[in-house]
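Everything below concerns the one structure shown next.
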Amino acid sequence: MNYQKILEEIHAEVQPLLAKSHVADYIPELAHISPKKFGMAVLTSEGETFQIGDATEKFSIQSISKVFALTLAMRLEGDAIWKRVGREPSGTAFNSLVQLEYEQGIPRNPFINAGALVITDMILSHLDNAHETLLAFIQKLANNKNIVFDLNVARSEKETGYLNIALANFIKSFGNLKNAPENVLNAYFHHCSIAMTCTELAHAGIFLANKGKLPWNNEKIVAPNQAKYIKSLMLTCGTYDSVGDFAYRVGLPGKSGVRGGILAVMPGKFSVCVWSPGLNETGNSLAGTKALELFTTLTGISIF
Ligand code: DON
């Protein structure tokens, strides 16, 4: 398979979309970026990397961190997670408050903001320094120590994240946060601010394509069935209320973030990360989604 040629074709084809989208600006620090940026990287299970465009430029991973937080929580708590978080698509925006009230503070899934706050709370109950631990865990997954927080992004979100602050307090009122909301929020904002490139994210996701093990040293991150659970949740909940459209077009488990990154995996074959900061109306990268659709079409490889 000539992955490099396919990436070049995709790069050319998405160009008209780059001008047509808007970057997230509800976190002030995210407003200053050109929607023309585009990068993509593929890591195969044989260890080969292919990349194009801005694939080596760092961006904040935002909600893609929810995959790594869930993985860490599964290692710490196993199935006990599911007493406090659901496993159903929400059909609402990633930061919606409405369902939480009639579902008694139990978030629909770990990939909406409410669910990630509960997952972060679980991690905090085991480890005082939840955000440093998650960063070290991602460095291990990516086999790369050169990954750090973007502290300007973390601070900007802390100063203006009124909706997340409301969500955390609302969940606390139902008794589904054990720690102080401000501590949970501080860890959560740091998780979202972790800055990585497409190439680094493709490495950090490869354990999911490899039955839960790191391919370079065979280290077990999670059991094969847990890797399956995480990918199933990415497929059903990873791109919020456009998850059906994403599954239809791309045909891979994927997780997006509002800075425009999307990480997707093909079991047994590859992990792929695309980045383009211009978003569609549901908060997923417009050109990134198209690029992944083209990638599975041109390679003929998807889970379906
Ligand atoms: O909590 C927030 O609103 C952001 N830090 C992350 C949201 C996000 O990435 C949703 N994804 N599409």
Are the side chains of Val184 and Glu182 in touch, meaning some heavy atoms are under 4.5 Å apart? no
Tyr26 atom OH, over 12 foreign heavy atoms within 6.0 Å: yes
Indicate yes or no for a side-chain donor-acceptor contact from Glu29 to the backbone of Glu157 under 3.5 Å, with no hydrogens or angles considered. no
Tell me if the NE2 atom of His22 is crowded by more than 12 foreign heavy atoms within 6.0 Å. no
Are more than 12 heavy atoms, taken from residues, nucleotides or ligands other than Lys178, located less than 6.0 Å from that residue's NZ atom? yes
Without hydrogens or angle criteria, can the side chains of Tyr188 and Lys158 be said to hold a donor-acceptor pair below 3.5 Å? no
Would you say that more than 12 heavy atoms from the other residues, nucleotides or ligands in this model lie under 6.0 Å from the CG of Asn225, or not? yes
Please answer: with hydrophobic residues joined when any side-chain heavy atoms are less than 4.5 Å apart, are Val258 and Phe68 in the same cluster? no
Ser256 backbone acceptor or donor facing Thr239 side chain under 3.5 Å: no
Step-by-step side chain to side chain contact (heavy atoms under 4.5 Å, CB included) determination, Glu132 to Leu127: CA-CA 10 Å; Glu132 293 292 352; Leu127 309 153; over 6 Å; no
Stepwise side chain to side chain contact (heavy atoms under 4.5 Å, CB included) test for Glu200 and Lys58: CA-CA 9 Å; Glu200 289 164 355; Lys58 301 251 190 197; 3.0 Å; yes
Looking at Val250, is its backbone amide N or carbonyl O close enough to the side chain of Thr296 to form a donor-acceptor pair, meaning the two atoms are under 3.5 Å apart? yes
Report the residue from Thr197, Thr56, Leu43 that forms a side-chain contact (heavy atoms from CB on, under 4.5 Å) with Gln51. Thr56
Quick one: does any side-chain atom of Ser65 pair with a main-chain N or O of Ile61 as donor and acceptor, under 3.5 Å? no
Is it the case that the ring center of Phe50 lies less than 6.0 angstrom away from the ring center of Phe270? no
Check whether Val85 and Leu124 end up in the same hydrophobic cluster, where Ile, Leu, Val, Met, Phe, Trp and Tyr are linked by side-chain heavy atoms less than 4.5 Å apart. yes
Side-chain donor/acceptor of Gln104 to backbone N/O of Leu100, under 3.5 Å: no
Rounded to the nearest 0.5 Å, what separation is found between the OG atom of Ser45 and the CE atom of Met266? 9.5 Å
Which atom names give the shortest non-hydrogen contact between Met234 and Phe111, and what distance separates them? N-CE1, 3.5 Å
About how many Å separate OG1 of Thr71 and CD of Gln226, when rounded to the nearest 0.5 Å? 9.0 Å
Check whether any side-chain N or O of Asp54 sits under 3.5 Å from a backbone N or O of Glu57 as a donor-acceptor pair, and report yes or no. no
Answer yes or no: is there a side-chain heavy-atom contact under 4.5 Å between Leu117 and Leu185? yes
Minimum side-chain heavy-atom gap Asn143-His203 below 4.5 Å: no
Looking only at heavy atoms, what is the nearest atom pair of Pro277 and Lys37, with distance? CD-O, 3.4 Å
So does Ile221 get a backbone contact from the side chain of Arg75, meaning a donor-acceptor N/O pair under 3.5 Å? yes
Exactly one of Cys273, Ser63, Cys237 should register a side-chain contact (heavy atoms from CB on, under 4.5 Å) with Lys255. Which one does? Ser63
Using 0.5 Å steps for rounding, measure from the CG atom of Asn186 to the NE2 atom of His190. 5.0 Å
Looking only at the side chains, is there a donor atom on one of Asn284 and Ser242 sitting less than 3.5 Å from an acceptor on the other? yes
Taking CD in Glu101 as the centre, count heavy atoms belonging to other residues, nucleotides or ligands within less than 6.0 Å. Is the count above 12? no
Working to the nearest 0.5 Å, report the span between CD of Glu8 and OH of Tyr3. 15.0 Å
Work out which heavy atom in Leu18 is nearest to a heavy atom in Ala287; give both atom names and the distance. CD2-CB, 3.4 Å
Exercise: identify the closest heavy-atom pair between Glu13 and Leu294: OE2-CD2, 3.5 Å
Report yes or no: does Asn176 contribute a side-chain atom to a donor-acceptor pair with the main-chain N or O of Arg84 at less than 3.5 Å? yes
Smallest heavy-atom separation, Ala227 atom then Lys211 atom, equals CB-C, 4.1 Å
Can you confirm whether Ile52 sits close enough to Ile10 that some side-chain heavy atom of one is under 4.5 Å from a side-chain heavy atom of the other? no
Under 4.5 Å between side-chain heavy atoms, hopping through other hydrophobics if needed: is there a path connecting Val153 to Ile165? no
Checking side chain to side chain contact (heavy atoms under 4.5 Å, CB included) for the pair Asn109/Ser90: CA distance, chi angles, key distance, verdict? CA-CA 7 Å; Asn109 67 67; Ser90 68; 4.2 Å; yes
Report yes if the side chains of Trp216 and Ile206 come closer than 4.5 Å at any heavy-atom pair, otherwise no. yes
Is there a side-chain contact between Leu233 and Pro110, using heavy atoms and a 4.5 Å cut-off? yes
Is any side-chain heavy atom of Asn144 closer than 4.5 Å to a side-chain heavy atom of Met196? no
Can Val265 and Ser271 be said to form a side chain to side chain contact (heavy atoms under 4.5 Å, CB included), step by step? CA-CA 4 Å; Val265 291; Ser271 67; 3.6 Å; yes
Here the gap from Phe246 atom CZ to Leu235 atom CG, rounded to the nearest 0.5 Å, amounts to 9.0 Å
Greater than 12 external heavy atoms within 6.0 Å of Asp79's CG: no
Determine whether the side chains of Asn179 and Ser125 contain a donor N or O and an acceptor N or O closer than 3.5 Å. yes
Would Phe295 and Trp275 show up in the same hydrophobic cluster when neighbours are defined by side-chain heavy atoms closer than 4.5 Å? no
What are the two closest heavy atoms between Ile123 and Ala130, and how far apart are they? CG2-CB, 3.9 Å
Look at the side chain of Arg108 and the backbone N and O of Pro89, then say whether any donor-acceptor pair between them is shorter than 3.5 Å. yes
Asn95 and Asn113 side chains, donor-acceptor separation under 3.5 Å: no
Under a 4.5 Å cut-off applied to non-hydrogen side-chain atoms, are Ile119 and Ile81 in contact? yes
Going from CD1 on Ile64 to CD1 on Ile262, what distance comes out if it is rounded to the nearest 0.5 angstrom? 7.5 Å
Please tell me whether Tyr162 and Leu30 are part of a single hydrophobic cluster in this structure, the criterion being side-chain heavy atoms less than 4.5 Å apart. no
